[in-house]
Amino acid sequence: MTTLGYRLKEERSRKGLNQTDFAALAGGSRGAQATYERDEKKPGGAYLTALANAGVDVLYVLTGRKNPDIGDVTDDEIELIKLYRSAPLAVKAAALAALTAGSSASNSINASGSGNRIAGRDFNENKN
């Protein structure tokens, strides 16, 4: 498992910045940045907020989980995700088919789930 300091350094490298320039994004110093990267100190909320505003993936720095680059998400989109996650496999497949209809971006549809029925028949995800 990586540390917060390691992930902070990864984000700095991803941005192509040295410690001085990266720290300047958040109004900090090279020395403070070095202590964060060595896990000797933890950065505060204002520092991390400033980094987030500069395009640093602060969710990744804090948790190790990558933040998908999908831009701003509306309440409708969040609701759609919640509904999709709780839907049976047949509904997921139909929703994906409807959303990708006429699109040249995708020629196949992948839906996941288990214990569902499609058109009155059992659907086995493990069958090829």
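For this chain, numbers begin at 1 and follow the sequence in order. What's counted below: heavy atoms across the whole structure, side chains too, no hydrogens, waters or symmetry copies.
More than 12 heavy atoms of other residues, nucleotides or ligands sit less than 6.0 Å from atom OH of Tyr60.
Judged as a salt bridge (Lys or Arg N to Asp or Glu O under 4.0 Å), and not counting sequence neighbours, Arg7 has no contacts. A search for salt bridge (Lys or Arg N to Asp or Glu O under 4.0 Å) contacts involving Lys15 returns nothing, not counting sequence neighbours. Qualifying salt bridge (Lys or Arg N to Asp or Glu O under 4.0 Å) partners for Asp39, counting only residues two or more places apart in sequence or in other chains: Lys42. For Arg38, the salt bridge (Lys or Arg N to Asp or Glu O under 4.0 Å) partners two or more places apart in sequence, or in a different chain, are Glu40.
Atom CZ of Arg12 sits about 6.5 Å away from atom CD of Gln33, to the nearest 0.5 Å. In this structure, NZ in Lys92 is found 8.0 Å from OG in Ser86, a value given to the nearest 0.5 Å.
Taking Ile, Leu, Val, Met, Phe, Trp and Tyr as hydrophobic and joining them when side-chain heavy atoms fall under 4.5 Å apart, one finds Val91 isolated, its cluster having no other members. Leu17 belongs to a hydrophobic cluster with Leu4, Leu8, Phe22, Leu25, Tyr36, Tyr47, Leu48, Leu51, Val56, Val58, Val61, Leu62, counting contacts under 4.5 Å between side-chain heavy atoms of Ile, Leu, Val, Met, Phe, Trp and Tyr, direct or through other members.
Within the 4.5 Å cutoff, the side chain of Lys66 has heavy atoms near those of the Asp57 side chain.
Between Arg14 and Glu11 there is a salt bridge, with a side-chain nitrogen of the basic residue lying less than 4.0 Å from a carboxylate oxygen of the acidic one.
Considering all non-hydrogen atoms of both residues, Ser29 and Ala23 come closest at O-CB, 3.3 Å.
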